[in-house]
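The next block holds one structure in the form of structure tokens; read it before the comments.
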Amino acid sequence: MNCPLRTAEALDPISTPQGRAEARDRRRAILRVVCLAGRPILWGLLAALAALLVAHIAEKAIGQVIHDMHGSEVSQWAN
């Protein structure tokens, strides 16, 4: 026997156990889609950060080599 929904259940379907389960499933589905969409963006940002770190280290190393090879000449030009 189906009884009509009470007013609160009719206005707020989350107040029922089935409504809460459906809302939870919707939230999980949305979170799953967001995570799947955000994963390539995150990997791209990590790759860019790694590339910048490698470039920074290379720039410092090249600068040190130039300084070691031509340090006295550079200091003479500065004076």
Side-chain angles (χ1 to χ4, degrees):
M1 176 174 162
N2 291 336
C3 60
L5 292 174
R6 293 185 300 234
T7 305
E9 292 172 346
L11 295 176
D12 186 17
I14 296 178
S15 63
T16 65
Q18 182 182 359
R20 285 190 292 274
E22 290 172 359
R24 183 184 63 239
D25 293 342
R26 277 194 303 274
R27 285 191 304 268
R28 286 181 179 171
I30 291 169
L31 186 60
R32 188 179 307 116
V33 169
V34 168
C35 288
L36 287 174
R39 190 176 294 165
I41 295 170
L42 179 62
W43 281 113
L45 288 174
L46 287 175
L49 187 61
L52 287 173
L53 180 63
V54 168
H56 175 72
I57 292 170
E59 180 186 5
K60 292 293 182 181
I62 291 170
Q64 186 64 41
V65 168
I66 291 173
H67 176 71
D68 290 346
M69 291 174 59
H70 304 289
S72 60
E73 296 173 17
V74 172
S75 62
Q76 288 174 0
W77 293 337
N79 293 332

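Just so we're clear, the structure is a prediction, and the values are computed from it rather than from any experiment.
- Taking CG of Leu52 as the start and CD of Glu59 as the end, the distance is 11.0 Å to the nearest 0.5 Å.
- Qualifying side-chain contact (heavy atoms from CB on, under 4.5 Å) partners for Ala21, counting only residues two or more places apart in sequence or in other chains: Arg24.
- When hydrophobic residues (I, L, V, M, F, W, Y) are linked wherever their side-chain heavy atoms come within less than 4.5 Å, the members clustered with Leu53 are Ile57.
- Within a 6.0 Å radius of CG in Leu45, other residues, nucleotides and ligands contribute more than 12 heavy atoms.
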